[in-house]
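First comes the structure, then the notes that go with it.
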Amino acid sequence: MDIRKKIIVAAVLALSLSAGAQNVSDLIVSEVMPVPDSTSLIDGYGAKTGWIELFNASQGTVNFGGCFLTDDRSDLQKSPISTLDRSTRLGPRQSVVFYTGGHNDNGTYYTSFIVRPGSTVYLVSNDGRTIVDSLQVPSDIPVSMSAAKFAHDNKARIFDEIRVSSPTPGSYNAGGSRETGAHRMGREDPHGWILTMVAVSVVFLALMLLWWLFSMLFRKKDKTPKPSRAKGLTPEVAAAISMALEAEFGSEPVAAISMALHEFLNDTVHDNESFIITINPSATSQWAQKSLGFRRSPR
Amino acid sequence: MEQILDSLRQFWEFTGFYNCSWQNLVMIAIGIAFITVAILKEWEPLLLVPIGFGMIIGNIPMFPGLNIGIYEDGSVLNTLYQGVRQGWYPPLIFLGIGAMTDFSALISQPRLILIGAAAQTGIFGAYLLSLALGFAPNEAGAIGIIGGADGPTAIFLSSKLAPDLMGAIAVSAYSYMALVPVIQRPIMIALTTKKERLIRMPKPRQVSQKEKIIFPIVGFLITAFIVPSGLPLLGMLFFGNLLKESGVTKRLANTASNALIDIVTTMIGLTVGCSTQADKFLTGNSLKIFVLGLVSFVIATTCGVLFVKLFNLFLKEGRKINPLIGNSGVSAVPDSARVSENVGKEFDPNNHLLMHAMGPNVAGVIGSAVAAGILLGFLG
């Protein structure tokens, strides 16, 4: 493999690896409710506590077992999430709630810290060092209200707006109006020229890339078999073989062989072929004979 | 006696004769016309016969509430129709197409890929015109894809973007695919000079098995990374081709290219035909869709031919492309390539363009799937 091919293969591999596979980096800290009141969520022990909601923004399942939650940037492994619990697999576009009662040993979905107004909640990857996402709780957040992230892009992938709102634990934080792509295009590109220009360019780009890549990868020699490869096989020899075969087997096989030889000698074979023809003449050519349908050992 | 008459009257009210309307009869007549054309002219018979008979089935007038109609939840036809509504059938057909397609012509002359891209302009021309005629952007996108001349892609995209128009779009796409020789020939002749029609292209080089195996993998990676929304179609197309070319999955390739595609084609044709119930099909919009479909085919063919002429300006003598293969950029495989061959032979009986035309033809399949992915990404 020459250097050019190596570069191309490396580029394709790098492209593949850089694509966002579904992993913990797809999780976001989507909502935090620090100060509960009598109407707040009750945990498994009957206590009304604050909570943290994580949301899987990807289209694949993410296992958050082994990750950490913390409100202290100097202690990223403050509240570990169990790796033994099978329920830590979070489905696409699903959310999960952690109670912030301060007792991590109460179960998988309990943190070892209590979230206070003004603090920042961090989600840390299972390496214990990489901060995946964070959400800062406003210091003046009212009782029983939550700080939540909302998405405003069409596909609800980028949760870029933090708002104080009524809590919605475990449910999707819908942004403003969820208009469809068609509505958006109708508004932004009523005559369709922008989409047309972009789409035509992308179609050309995709196919030009294919053209370029294949021109680069397989620029080398034409492997079409040349007549010189048929050493010693001349039309005269082929005719002699045909005549011998005809004398031996009749005219049908010879027609097939002649066609094959003709294609080979005239360089009209399209694909790589083995150039081996195997003919097993049948003992009888009366294919419709009833005796051929009989059992060999009648019972 | 009165009870018997009452029962007879009740039975009469159940019959198709009682519930019949002129619209049903029109649709049944269209269905019969499809079957007739398919049998007598052999125009796309594998599709027009199921669609035509489906039209007849779908337009048998009946008493509503029997839970047998295609739009009645839980009926047999409705269950089969889910493959169309949910978009299962088109990717399965693409699997079969991939397993049947030999990309050698394309691999040996990669420059012909661009003709497949140029012909997709028909899709976007029809999109612009549909918007001008007052269709919503999602409807316009679904109508535009008719210009790709690819039935499964048209069904896939319309099921996602404009399910209500799917029947008209599918019937329009398949009708014009059947009429490819009629539509394309005059355009090809009008846009080319005699000298251009006589251009002889260099013989394509032979393609190794290794290239054929690498093509579906690299082709899929590139197109899917650029347009992930085309994943169901592109993935299945290239997967089917890998089954064929790998040489170690012959059984799977055989099933995909024979039994599977036959079953799915039967189901898709029949259920699409059934979905053209008169009350949903005989509308002003359907008429507009048929006109736009024709326009999109004309634009696609025109752009393909003109693109080759433009391309030739940059090519040396001896490397020039015969513009008669420009029409084959639309992905009606292999009909449009066959049109190139036939028109080419009219002017030079010894100039065989089929092997060259198959390159842009299969590139058109990839191009239309990419275009569908783009439209789905923007308008979905």
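The sequence lines fix the lettering, A, B, ..., with proteins before strands; numbering per chain opens at 1.
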Worksheet item: What are the residues of residues 365-373 of chain B, in order of number, with any heavy atom under 4.5 angstrom from a heavy atom of chain A?
Response: B:Ile366, B:Gly367, B:Val370, B:Ala371
Worksheet item: Is there a side chain to side chain contact (heavy atoms under 4.5 Å, CB included) between B:Phe378 and A:Val198 once you walk through the steps?
Response: CA-CA 10 Å; B:Phe378 274 104; A:Val198 171; 3.7 Å; yes
Practice prompt. Working to the nearest 0.5 Å, report the span between CE of A:Met197 and CZ of B:Phe124.
Written response: 12.5 Å
Worksheet item: Quick one: ring pair (Phe, Tyr, Trp, His ring centres under 6.0 Å) partners of B:Phe238, sequence neighbours excluded?
Response: none
Discussion item. Atom CE of residue position A:Met208 - does it have more than 12 heavy atoms of other residues, nucleotides or ligands inside 6.0 Å?
Written reply: no
Discussion item. Need one label for B:Ile374: side chain, backbone, both or neither, based on atoms under 4.5 Å from any heavy atom in chain A.
Written reply: side chain
Discussion item. Rounded at 0.5 Å granularity, tell me how far CG in A:Leu195 sits from CG in B:Leu128.
Written reply: 8.5 Å
Practice prompt. Enter the distance from B:Leu131:CG to A:His191:NE2 here, rounded to the nearest 0.5 Å.
Written response: 9.0 Å
Worksheet, complete the sentence: Honestly, the part of B:Ala118 sitting under 4.5 Å from a heavy atom of chain A is both
Discussion item. Once rounded to the nearest 0.5 Å, what's the spacing between atom CE of A:Met185 and atom CG of B:Asn138?
Written reply: 12.0 Å
Discussion item. Does the plane of the ring in A:Phe204 sit parallel, tilted or perpendicular to the ring in B:Phe307? Use 30° and 60° as the thresholds.
Written reply: tilted
Discussion item. Run the side chain to side chain contact (heavy atoms under 4.5 Å, CB included) test on B:Leu106 and A:Phe214 for me, step by step, so that the C-alpha distance in whole Å, both residues' side-chain angles and the decisive distance to 0.1 Å come before the verdict.
Written reply: CA-CA 10 Å; B:Leu106 189 65; A:Phe214 272 81; over 6 Å; no
Fill in: Test salt bridge (Lys or Arg N to Asp or Glu O under 4.0 Å) applied to A:Asp189 - qualifying residues, sequence neighbours left out
none
Worksheet entry | Interface residue of largest heavy-atom contact number with chain A, from B:Ile214, B:Thr223, B:Ile113, B:Val227, under 4.5 Å | B:Ile113
Response to the item:
dist A:Leu209:CG -> B:Phe225:CZ (nearest 0.5 Å) comes out at 12.5 Å
Worksheet item: If you round to the nearest 0.5 Å, how far is CG of A:Leu210 from CZ of B:Phe220?
Response: 12.5 Å
Worksheet item: side-chain hydrogen bond (donor to acceptor under 3.5 Å, both in side chains) with B:Thr101: which residues, sequence neighbours excluded?
Response: none
Worksheet, complete the sentence: Residue from B:Gln120, B:Gln109, B:Arg111, B:Glu139 scoring the most non-hydrogen pairs under 4.5 Å with chain A is B:Arg111
